[in-house]
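Take a look at the structure set out below.
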Amino acid sequence: MITADQLAAAVRAALADARLPDREPELERPANREHGDWATNVAMQLAKPVGAAPREIAQRIVEALGTPPGVERVEIAGPGFVNFHLSQGALADVVHTVIAQGEQYGHSSAWAGWSANVEFVSANPTGPLHVGHGRQAALGDALAAVLAAVGWSVTREYYFNDAGNQMRLLGASVRAAMRGEAPPAEGYQGAYIGELAAELTREGFDAEDVEGVTEVAYQRVLARITATLARLGVGHDVFVGERRLHGPEGVPAVVEGMRTAGYAYDADGATWVATSELGDEKDRVAIKSDGQPTYYAADCAYLADKLARGFDHLVYVLGSDHHGYIPRLKAAAVAQGGKPRRVEVVMHQFVKLLRGGQPAQMSTRAGQFVTLDELIDEVGADAARYTFLRYSPDVAIDFDLDAVVRQDKDNPVYYVQYSSARIAGITRTATERGVEVGKVGEAALERLASEHELKLIRRLGAYPERVAEAAAERAPHKIARYAEDVAEAFHKFYTECRVVSDDAELTVARYWLCRATWQVLAGALGLLGVTAPERM
RNA sequence: GCCCGCGUAGCUCAGGGGAUAGAGCGACUGCCUCCGGAGCAGUAGGUCGGGGGUUCGAAUCCUCCCGCGGGCACCA
């Protein structure tokens with residue numbers, strides 16, 4: 001399979017042969033198929049330095065270039081583009097490559113040897129996950145998968161608060177419910193509090209044992225959270241509770257370390273970190289004047305903990321409400337001798353939850369929210385995940401519950417999944433009719449020559465670069481959009497080209513094209529954590 | 001006030017220096033002797049929020065303005 005890199009190298013060599021200035025040529029996929037499979041704009045970029053018309057330069061490049069292997073023809077078009085049309089043989093080879101590489105197709109080892117810690121969700125165990133958490137769960141998990149696909153060694157991590165005020169409030173809220181009292185000020189009051197209280201009472205817990213109640217309560221809530229995540233297909237490799245950061249090796253040592261490095265100082269009875277010297281708006285308190293560490297201190301200790309575990313890269317998936325946290329997080333890394341670039345924040349906007357066009361509240365404390373479990377109950381895990389992942393992290397998703405429920409079959413996820421089910425149907429038909437498919441290497445793939453077949457093959461051939469792009473840009477939604485493109489090309493192919501026919505040779509060739517399509521769809525959906533069903 | 005994100009078809013959103021700006025939904029018109037019609041083909045629908053600027057070329061980059069969302073703790 002000819003790659004963009006190979007074409008770029010050929011063009012670069014042509015530049016030298018034509019005695020033109022050296023330059024790394026940009027290869028792009030033209031939007032219009034008539035403009036070929038790849039195009040480069042080097043001629044236009046060289047027009048000024050060379051002092052010649054773009055098309056004239058293009059002519060010199062093309063003459064020096066000849067016809068590279070796998071390319072059918074090279075042409076000059078428009079203002080000076082050099083367009084490459086791949087040969088049919090090179091395209092047919094895509095099918096072979098996909099089948100041969102199987103699940104590995106599209107993956108690469110570009111980042112092999114690099115390790116990344118991807119922290120996401122990290123909701124404190126004070127209540128059930130709501131819809132907003134669902135987006136982060138899907139995004140973090142898919143991002144981890146996409147990074148792994150290009151070679152990263154990825155650890156999915158969840159950080160939670162198992163100490164401090166929120167735990168106290170949770171315990172106090174459950175205790176109050178056990179005693180039939182109103183929840184404390186600022187306490188939690190969702191239905192789950194009552195359920196938890198009833199559960200603990202039934203199991204014989206003593207409401208007066210505040211510590212015991214708190215401990216069990218948070219563990220039960222956390223268990224419920226992980227169960228919800230599991231329904232979405234999300235599983236973390238490592239869970240870190242804040243408590244473990246407060247040992248002597250934790251916050252105190254880290255704060256002292258920063259002091260030694262000259263980034264921590266005492267003032268007004270508190271200990272501060274000089275984050276303003278490291279890009280933050282102002283300095284932050286680490287140890288309060290009452291001697292208690294702040295949440296930021298724990299964050300610093302946690303960061304130290306991650307660094308000590310040897311990760312090359314620390315990815316924090318955070319909601320946009322945490323964007324102010326980015327500078328102090330990077331500052332913490334530098335204050336501990338790390339590089340700010342090792343800390344990367346992937347920020348996402350929130351899910352605007354609507355019900356019948358009306359905004360729905362999502363306050364954990366007030367207890368009036370739509371839980372992630374309820375959402376999954378209504379639309380299913382696949383549709384929920386796909387809907388979260390279809391959009392750029394930068395846009396706020398308008399998630400109208402009524403609409404999504406009603407959307408049902410119109411949800412794009414079904415469009416993609418339907419193509420998977422159709423392929424499975426074709427496979428079943430082929431088997432039932434006793435088609436001898438043999439091996440892909442023996443198939444007459446050159447028979448795949450119609451417009452729709454070639455379009456589908458071109459889409460399949462673009463998968464590796466789309467995966468690389470999604471990983472580099474931390475943009476899993478590009479995989480979803482790509483899957484929709486493949487599904488579209490497949491549906492059109494399906495409509496125009498009958499697979500199982502009297503033409504045995506063509507049947508086999510198309511069969512393998514279908515299998516290759518399924519492989520790519522399953523791979524793309526797999527990265528998103530969505531199933532590629534055989535029936536639906 | 002300062003910081004971040006967004007503003008593209010009626011709605012929800014892709015595209016984020018290149019060649020006629022795309023998809024789904026919604027509207028309208030067609031397509032089931034044949035592997036799954038959750039599909040396909042077609043029609044209608046756009047000052048890419050607005051003004052300046054950079055460039056051979058701007059929806060894309062810079063800048064100012066307008067609008068929407070979020071954030072600016074010795075809270076967690």
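Naming: A, B, ... by sequence-line order, numbering from 1 per chain.
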[X] side chain: which of [options] is closest?
X: A:His477; options: B:rA14, B:rC34, B:rC74; result: B:rA14
X: A:Tyr415; options: B:rC40, B:rC74, B:rA38; result: B:rC40
X: A:Val499; options: B:rC35, B:rG24, B:rA38; result: B:rC35
X: A:Tyr391; options: B:rG5, B:rU12, B:rC6; result: B:rU12

5'-most contact on RNA chain B: A:Glu473 or A:Gly425, nearest heavy atom basis?
->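 Result of the comparison: A:Glu473.
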
Between A:Asn165 and A:Arg284, name the one whose nearest nucleotide on RNA chain B is closer to the 5' end.
->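 The residue closer to the strand's 5' end, by nearest nucleotide, is A:Arg284.
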
When the [atom1] atoms of [N] and [M] are considered, how many whole Å apart are they?
N: B:rU55; M: B:rC62; atom1: C1'; value: 12 Å
N: B:rA58; M: B:rG52; atom1: C1'; value: 14 Å
N: B:rC56; M: B:rC6; atom1: P; value: 28 Å
N: B:rA41; M: B:rC25; atom1: P; value: 12 Å

Any donor-acceptor pair under 3.5 Å joining the side chain of A:His323 to the base of B:rC3?
->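 Yes, the side chain and the base share a sub-3.5 Å donor-acceptor pair.
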
Going by modelled atom types, is there a donor-acceptor pair between the base of B:rC74 and the side chain of A:Ser289 at under 3.5 Å?
-> yes

Need the pair for [N]. Rule: Watson-Crick or G-U wobble, both distances under 3.5 Å, any strand; none if unpaired.
N: B:rG24; value: B:rC11
N: B:rC68; value: B:rG5
N: B:rC56; value: B:rG18
N: B:rC48; value: none
N: B:rG39; value: B:rC31

Has A:Phe81 got its ring stacked on the base of B:rA19, with centres under 5.5 Å and planes less than 30° apart?
->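 Stacked: centres under 5.5 Å apart, planes under 30°.
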
A:His35-B:rA19 aromatic stacking (under 5.5 Å, under 30°) =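 It does: the two rings, one from A:His35 and one from B:rA19, meet the stacking criterion.
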
Angle class for the A:Tyr325/A:Tyr296 ring planes (parallel below 30°, perpendicular above 60°, tilted otherwise)?
-> perpendicular

Assigned chi class of B:rC48 under the 90° convention is anti

Contact class for A:Glu534 vs. all strands (heavy atom < 4.0 Å): base, sugar-phosphate, or nothing?
->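 Base contact - A:Glu534 has a heavy atom under 4.0 Å of at least one base atom.
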
